[in-house]
Student: 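Structure below; questions to follow.
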Amino acid sequence: MPPDSPVIVVGAGIGGLAAAMRLAAAGHAVTVVERAATPGGKMREVRVGAHAIDAGPTVLTMRQVFDDLFDAAGTSLDAEVALHPLPILARHAWGDGPRLDLHADPARAEEAIGDFAGAAEARGYRAFCARARAIHDTLDATFMRAQQAGPLMLARRVGLAHLPRLLQIAPFSTMWQALGAYFKDPRLQQLFGRYATYCGASPFAAPATLMLVAHVEQAGVHAVEGGMQRLAEAMHRVALRQGVAFRFDADVSAIDVRAGRVCGIRLANGDGIAASTIVLNADAAAVGSGAFGPAAVQAVPAMPVAARSLSALTWCAEVVATGWPLSRHNVVFSADYAAEFRALCRDRAMAAAPTVYVCAQDRGAAGEPIAGASERVVCLVNAPPTGDGPRMTPTAVADEVERMHAMLRRGGLDLRSVGAPPVVTTPADFHHRFPATGGALYGRASHGWRASFARPGARTRIPGLFLAGGSVHPGPGIPMAALSGTLAAACIHTDLTSRST
């Protein structure tokens with residue numbers, strides 16, 4: 001097949017859209033095939049009555065990743081979407097005690113922590129931020145923005161002269177252990193340990209390396225005006241202008257392989273599309289389990305069920321909030337974090353007293369809601385990735401929702417649903433939406449120092465088949481998924497260019 005034949009991208013999630021944009025910018029013909037009716041993948045909205053509510057990722061960080069992506073496409077991020085930087089990263093509550101706002105400005109955050117927990121904890125925060133920045137700066141170019149590498153390759157990239165920096169990333173300590181060196185207040189250990197859940201992991205098992213998330217957030221957390229889905233729509237719109245073709249409502253049932261190399265895809269309706277280069281923006285566990293046909297199974301190692309990341313139970317609703325004013329991002333913590341993660345990770349069960357995250361979508365941007373008026377929220381509690389097991393009964397779902405509200409009330413917050421009935425999404429629902437995952441939302445759990453190296457890279461064992469998305473290197477999250485698409489596109493461009501010369 002000639003090198004200018006279309007590259008097929010399977011999946012219009014953020015990784016697939018980024019790959020399509022990068023490939024089109026490099027002059028390659030691209031067709032995106034997506035089983036849903038709209039782009040976005042895990043970035044999705046649900047409708048509650050007349051309201052569209054973010055029901056997937058709610059945090060946008062590392063905007064430079066998207067600045068670069070849109071610049072390469074001949075436009076700019078600001079020209080395509082409206083972003084609002086958030087001065088408060090999150091509002092945190094523990095029982096009926098004082099609340100803590102974590103500010104984007106480190107000086108204000110340090111002052112707030114000092115007022116909340118004392119001068120020693122404020123000094124610990126300053127040291128913690130310095131460590132988080134050092135870890136980020138060591139891994140940004142050498143790991144997160146580079147092709148997947150093992151420990152030895154990472155050491156070579158860092159360079160012999162800078163090996164002490166590599167030791168600072170603390171891969172052999174758990175996040176919880178490392179946090180104890182900076183904070184004695186268990187509430188602050190909970191607050192910063194929660195960053196492990198951004199990767200679907202437990203802070204008691206995730207490596208201390210994930211402290212870098214603190215620096216990423218300090219560099220800027222943004223709200224997308226109109227909801228997160230507007231970013232996916234902007235990527236789709238720009239890709240169309242670049243000449244990328246899209247086929248929605250087209251479910252891919254198999255990747256075809258001939259003579260050891262990909263040769264096309266088959267759709268669930270029986271249609272086939274020939275292609276010698278394919279980007280598969282899907283969960284790597286689905287590939288290894290046979291969800292894309294027997295020929296594709298060899299592309300990546302199968303992921304053990306025990307290695308799955310966390311799932312979630314979400315509750316989307318129009319509410320009237322009372323108790324204390326919501327920020328854009330809010331967290332009400334459980335009293336026993338260790339017990340919560342023992343239930344989730346060891347027992348594979350819902351926590352009896354879960355930490356609750358609340359995204360108040362109408363806060364923190366232009367046009368904040370009037371006090372006492374209704375507003376859109378999504379509440380999330382972590383859940384085990386057991387969505388391929390027995391489905392929760394309606395009674396069990398109602399019980400979990402009541403536990404969630406009981407925790408919010410314990411933290412001094414009441415969310416009264418008004419209007420249309422709330423929409424609840426369970427691990428089984430996520431498993432149905434993302435087959436072969438059990439509802440795991442972040443691919444492989446980031447537990448232990450080997451976990452980051454165990455994620456598949458862009459290249460697979462099958463020539464011509466490449467991977468993108470949050471389950472592959474460099475990891476979960478919107479910017480990481482976009483980087484995965486960029487890395488896949490770079491591999492493809494190199495291969496197609498060399499083939500044509």
Side-chain angles (χ1 to χ4, degrees), residues 57 59 61-62 90 128-129 131-136 138-140 143-144 148 151 154 166-183 186-217 284-285 303-312 331 333-334 336-348 351 354-355 357 380-385 437-456 470-477 479-481:
V59 178
T61 59
M62 297 176 68
F128 167 75
C129 289
R131 181 72 172 280
R133 178 169 188 162
I135 294 172
H136 173 272
T138 298
L139 295 178
D140 185 31
F143 189 74
M144 291 189 290
Q148 198 262 4
L154 177 59
L166 194 59
L167 296 177
Q168 279 191 317
I169 71 174
F172 305 115
S173 299
T174 69
M175 198 168 186
W176 197 260
Q177 290 168 339
L179 289 171
Y182 299 100
F183 306 107
R187 297 170 299 178
L188 296 178
Q189 293 172 7
Q190 274 188 308
L191 191 160
F192 295 107
R194 182 175 166 271
Y195 286 142
T197 65
Y198 287 26
C199 298
S202 162
F204 300 94
T209 309
L210 291 180
M211 291 192 298
L212 67 83
V213 176
H215 178 71
V216 168
E217 285 206 338
M303 190 182 77
V305 170
R308 289 174 175 170
S309 65
L310 293 172
S311 185
V331 185
F333 282 102
S334 66
D336 190 339
Y337 226 31
E340 183 175 351
F341 284 95
R342 277 197 303 272
L344 291 167
C345 298
R346 186 193 67 187
D347 303 334
R348 290 300 206 221
T355 293
Y357 164 70
L380 179 149
V381 297
N382 291 313
T437 64
L441 296 175
Y442 314 87
R444 179 183 288 267
S446 297
H447 290 164
W449 71 271
R450 295 182 181 88
S452 293
F453 301 113
R455 287 180 177 272
S471 70
V472 305
H473 175 79
M480 295 299 192

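Just so it is clear, the values below take in all heavy atoms, side chains as well, and ignore hydrogens, waters and symmetry mates.
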Student: Does atom CZ of R348 have more than 12 heavy-atom neighbours from other groups under 6.0 Å away?
Tutor: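 Atom CZ in R348 is packed in, count exceeds 12.
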
Student: Ignoring hydrogens and geometry, is there a side-chain-to-backbone donor-acceptor pair from H473 to F143 under 3.5 Å?
Tutor: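 Looks like yes, one N/O pair under 3.5 Å.
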
Student: Enter the distance from L344:CG to R342:CZ here, rounded to the nearest 0.5 Å.
Tutor: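 L344 CG to R342 CZ: 11.0 Å, rounded to 0.5 Å.
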
Student: Ignoring hydrogens and angles, tell me if any N or O in the side chain of R346 forms a donor-acceptor pair with the backbone of F341 under 3.5 Å.
Tutor: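 The answer is no, because no donor-acceptor pair under 3.5 Å joins these two groups.
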
Student: Just wondering, do N382 and P354 contact through their side chains at under 4.5 Å, heavy atoms?
Tutor: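 Sidechains of N382 and P354: no contact.
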
Student: So, E217 and Y195: side-chain donor and acceptor under 3.5 Å apart, yes or no?
Tutor: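 A donor-acceptor contact under 3.5 Å links the two side chains.
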
Student: Is H447 reaching over with its side chain to a backbone N or O of S202, donor-acceptor style, under 3.5 angstrom?
Tutor: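 Yes, because the side chain of H447 sits within donor-acceptor range (under 3.5 Å) of the backbone of S202.
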
Student: Look at the side chain of S309 and the backbone N and O of G200, then say whether any donor-acceptor pair between them is shorter than 3.5 Å.
Tutor: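 Side chain of S309 to backbone of G200, a donor-acceptor pair under 3.5 Å: no, none is there.
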
Student: C199 versus R444: any side-chain heavy-atom pair under 4.5 Å?
Tutor: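 With C-beta onward as the side chain, the pair stays apart.
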
Student: Side-chain contact, heavy-atom cut-off 4.5 Å: T437 with R308?
Tutor: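 No, too far: nothing below the 4.5 Å cut-off.
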
Student: Could you give the distance from CZ (F204) to SG (C345), rounded to the nearest 0.5 Å?
Tutor: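 Result: 10.0 Å between the selected atoms.
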
Student: Output the distance between atom OH (Y198) and atom CG (L210), rounded to the nearest 0.5 Å.
Tutor: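 Reported value, rounded in 0.5 Å steps: 12.0 Å.
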
Student: Does the pair I135 and H215 meet the rule for a side chain to side chain contact (heavy atoms under 4.5 Å, CB included), with working shown?
Tutor: CA-CA 9 Å; I135 294 172; H215 178 71; over 6 Å; no

Student: Is a donor from one side chain sitting under 3.5 angstrom from an acceptor on the other, for R131 and Y182?
Tutor: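 There is such a pair (donor and acceptor under 3.5 Å, judged by atom type) between the side chains of R131 and Y182.
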
Student: At what distance, to the nearest 0.5 angstrom, does CG of L154 lie from CG of L139?
Tutor: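 The CG atom of L154 sits 6.5 Å away from the CG atom of L139.
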
Student: May I ask you to decide if S334's main-chain N or O and E340's side chain share a donor-acceptor pair within less than 3.5 Å?
Tutor: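 Judged by distance alone, no pair lies under 3.5 Å.
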
Student: Measuring only between side-chain heavy atoms, which start at C-beta, is Y337 closer than 4.5 Å to P186?
Tutor: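 The answer is no; the side chains never approach within 4.5 Å.
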
Student: Can you measure from CZ (F192) to CZ (F183) and round to the nearest 0.5 angstrom?
Tutor: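 It is 4.5 Å, given to the nearest 0.5 Å.
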
Student: Between OG of S471 and CZ of R455, what distance do you get to the nearest 0.5 Å?
Tutor: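 So the OG of S471 and the CZ of R455 are separated by 7.0 Å.
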
Student: Would you say F128 and M211 make side-chain contact, with heavy atoms under 4.5 Å?
Tutor: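 A side-chain contact under 4.5 Å exists here.
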
